[in-house]
Structures are given as structure tokens and as C-alpha cells.
Amino acid sequence: MKFSEQKLDGVYLIEPEPHEDERGMLRRHFCKNEFAEYGLMTEIMQTNISENRKKHTLRGFHFQYPPHGENKVISCIKGSIYNIVVDLREKSRTYLQWQSFDLTERNRLSIYVPNGCANAYLTLKDNTWILYYHSEFYSPRDEGSIRYNDSFFKFYWPAEPEVI
């Protein structure tokens, strides 16, 4: 896997290095050793798959407050999403900045979202599936959110959300 640090502190774009032959393709999606080389999470407490029926479904912005803050890896395994990460870490040099990413089943990219950042995405195709790895268990009482159209951030979305 190739790890590319992004504009936001601690956010990485992860590109697989697939092995392909006449049978199809194999790609590593998580390797504790490779993640550890970059100081990224090496313990996975929970995985989730989000199946989104409709194009222009918006999910997020979600994050968890301490002590249940979490790192996560987000991948689009079917369809296509426009993903935004927002840095909410007060001591970060990129505090309150955001960055967008296109994750699709074709480009096979994943995004590493560090603890203290919020994440949201808009599906760009019907029947889009997202795979998440989390470093912490879900804690409903510690969940935080930001509105997708918060006027402070001035987020850009490529289409108007139809399902929220």
C-alpha cells in the first residue's frame, strides 16, 4: 500500500498495490505492520459497512468526543462518494480546515481519518457501499456532529443532498 499524507495533519490517502492475473485481483486493505510504519492505528475495534440505496445520500459529519475519539479508515467498495474530512483538533496547524476526496470502486482509494476529525460523504451513484475500520467502539453518548451545510465552513458539495 502507498500512504500519502494530505493537506490536513494526519490524514492519509491510501492507495492499494493490487496483484492481478487471469483469476482476478487481490489487494491488501489493512496491514498492521504497514500502518504502524506511519504511526497510524494498528488496532481495529469495529468495522461497519454502510449500504446506501440512493444517489446523493449524505451521511455525516460524524465524530466521537474523548475518551472515545476514534481513528478510522474509509473505503468505497461499490459505487462512488465525495468525502469531506474536517480538522476539529484545536492544537492542529490545520484546525477548522477541510479537504475533499473522491473515493470510488474504480480508484480503490481509502482515506485515513485521525481522531479529532469529522467525516461526511455524499454518494454519487445508486447502491454505493462504504467500508469503515474504527480504532474505538461506537459510543452513542460521545457522538458529535456538524451540519453538512454549516455556514462557517462553506463546504462544497458536487450535488444537492437528496437523502440525509
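Numbers for residues simply follow the sequence, beginning at 1.
- Linking Ile, Leu, Val, Met, Phe, Trp and Tyr whenever their side-chain heavy atoms come within less than 4.5 Å leaves Leu40 and Val113 in two separate clusters.
- For His62, there are no ring pair (Phe, Tyr, Trp, His ring centres under 6.0 Å) partners two or more places apart in sequence or in a different chain.
- In this structure, Ser50 and Arg59 have side chains that are in contact, with non-hydrogen atoms separated by less than 4.5 Å.
- Judged as a side-chain contact (heavy atoms from CB on, under 4.5 Å), and not counting sequence neighbours, the contacts of Asn127 are Lys78.
- A donor-acceptor pair is defined here as one N or O able to donate and one able to accept, closer than 3.5 Å; such a pair exists between the side chain of Ser135 and the backbone of Asn71.
- By the salt bridge (charged side-chain N to carboxylate O under 4.0 Å, His left out) test, Arg141 pairs with no residue at all, sequence neighbours left out.
- With sequence neighbours left out, the side-chain hydrogen bond (donor to acceptor under 3.5 Å, both in side chains) criterion links Tyr138 to Glu143.
- Under the salt bridge (charged side-chain N to carboxylate O under 4.0 Å, His left out) criterion, Arg53 pairs with no residue at all, not counting sequence neighbours.
- Under the 3.5 Å distance criterion, the side-chain polar atoms of Gln6 are left unmatched by any main-chain donor or acceptor of Val11.
- Salt-bridge annotation for Asp9 and Arg93: present, with a side-chain N of the basic residue lying under 4.0 Å from a carboxylate O of the acidic one.
- For NZ of Lys7, the number of neighbouring non-hydrogen atoms (other residues, nucleotides, ligands) closer than 6.0 Å is greater than 12.
- To the nearest 0.5 Å, atom OG of residue Ser4 and atom CD1 of residue Ile111 are 9.5 Å apart.
- Two different hydrophobic clusters hold Tyr12 and Phe101 under the rule that ILVMFWY side chains link at heavy-atom gaps under 4.5 Å.
- For Thr128 and Tyr121, the side-chain atoms include no donor-acceptor pair closer than 3.5 Å.
- Annotation: the span from Asp126 atom CG to Thr57 atom OG1 amounts to 8.0 Å, rounded to 0.5 Å.
- Glu51 is linked by a side-chain contact (heavy atoms from CB on, under 4.5 Å) to Ile49, Trp129, counting only residues two or more places apart in sequence or in another chain.
- Looking at heavy atoms from C-beta onward, Thr123 lies out of side-chain contact with Ser80 at the 4.5 angstrom threshold.
- Between Arg108 and Arg27 there is a side-chain heavy-atom pair separated by less than 4.5 Å.
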Name each donor-acceptor pair under 3.5 Å that joins a side chain in residues 150-164 to protein atoms two or more places apart or in another chain, with its distance.
residue: Asp150; atom: OD1; partner: Phe152; partner atom: N; Å: 2.8
residue: Trp157; atom: NE1; partner: Tyr148; partner atom: O; Å: 3.0
residue: Glu162; atom: OE2; partner: His56; partner atom: ND1; Å: 3.2

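- Scanning for side-chain contact (heavy atoms from CB on, under 4.5 Å) contacts around Asn48 gives Gln46, Tyr132, His134, with sequence neighbours left out.
- Contact of the Ile130 side chain with the Asn52 side chain is registered, since non-hydrogen atoms from C-beta on lie closer than 4.5 Å.
- Across all non-hydrogen atoms, the minimal contact from Gly69 to Asn115 is CA-OD1, 3.3 Å.
- Residue pairs satisfying the side-chain hydrogen bond (donor to acceptor under 3.5 Å, both in side chains) criterion with at least one member in residues 81-90, sequence neighbours excluded, are listed as follows: Tyr82-Ser100, Asn83-Asn119, Asp87-Arg89, Asp87-Ser92, Asp87-Thr94.
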Evaluate side-chain contact (heavy atoms from CB on, under 4.5 Å) for Leu122 paired with Ile84, printing each intermediate quantity in order. CA-CA 9 Å; Leu122 180 71; Ile84 296 178; over 6 Å; no
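- Residue pairs satisfying the salt bridge (charged side-chain N to carboxylate O under 4.0 Å, His left out) criterion with at least one member in residues 30-46, sequence neighbours excluded, are listed as follows: Arg28-Glu34, Lys32-Glu43.
- Only one option out of Ile74, Leu103, Ile14 pairs with Leu109 in a side-chain contact (heavy atoms from CB on, under 4.5 Å); it is Leu103.
- When side chains are defined from C-beta on, Ile146 counts as touching Leu88, because their heavy atoms get closer than 4.5 Å.
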Kindly determine whether Met1 and Glu15 satisfy side-chain contact (heavy atoms from CB on, under 4.5 Å), including the steps that lead there. CA-CA 6 Å; Met1 292 179 280; Glu15 182 181 353; over 6 Å; no
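- Distance alone, capped at 3.5 Å, places no donor-acceptor pair between the Asp142 side chain and the Ser139 backbone.
- Ser110 is not listed as a side-chain neighbour of Tyr112, based on a closest heavy-atom distance of 4.5 Å or more.
- In this structure, the side chain of Asp21 engages the main chain of Arg23 through a donor-acceptor pair within 3.5 Å.
- No path of Ile, Leu, Val, Met, Phe, Trp and Tyr side chains, each step under 4.5 Å between heavy atoms, connects Val85 with Trp98, placing them in separate hydrophobic clusters.
- Every residue two or more places apart in sequence or in another chain that forms a ring pair (Phe, Tyr, Trp, His ring centres under 6.0 Å) with Phe3 is listed here: Phe35, Tyr38.
- Both Val86 and Tyr95 are assigned to one and the same hydrophobic cluster, defined by single-linkage of ILVMFWY side chains at heavy-atom distances under 4.5 Å.
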Starting from the C-alpha separation in whole Å, work towards a yes-or-no answer on side-chain contact (heavy atoms from CB on, under 4.5 Å) for Phe30 and Val73. CA-CA 9 Å; Phe30 177 81; Val73 176; 5.6 Å; no
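- In summary, the aromatic rings of Phe63 and Phe61 are positioned with their centroids too far apart to meet the 6.0 Å limit.
- When the side-chain contact (heavy atoms from CB on, under 4.5 Å) test is applied to Glu136, the partners found at least two apart in sequence or on another chain are Gln64, His68, Glu70.
- How far OG1 of Thr47 is from NE2 of His29: 11.0 Å, rounded to the nearest 0.5 Å.
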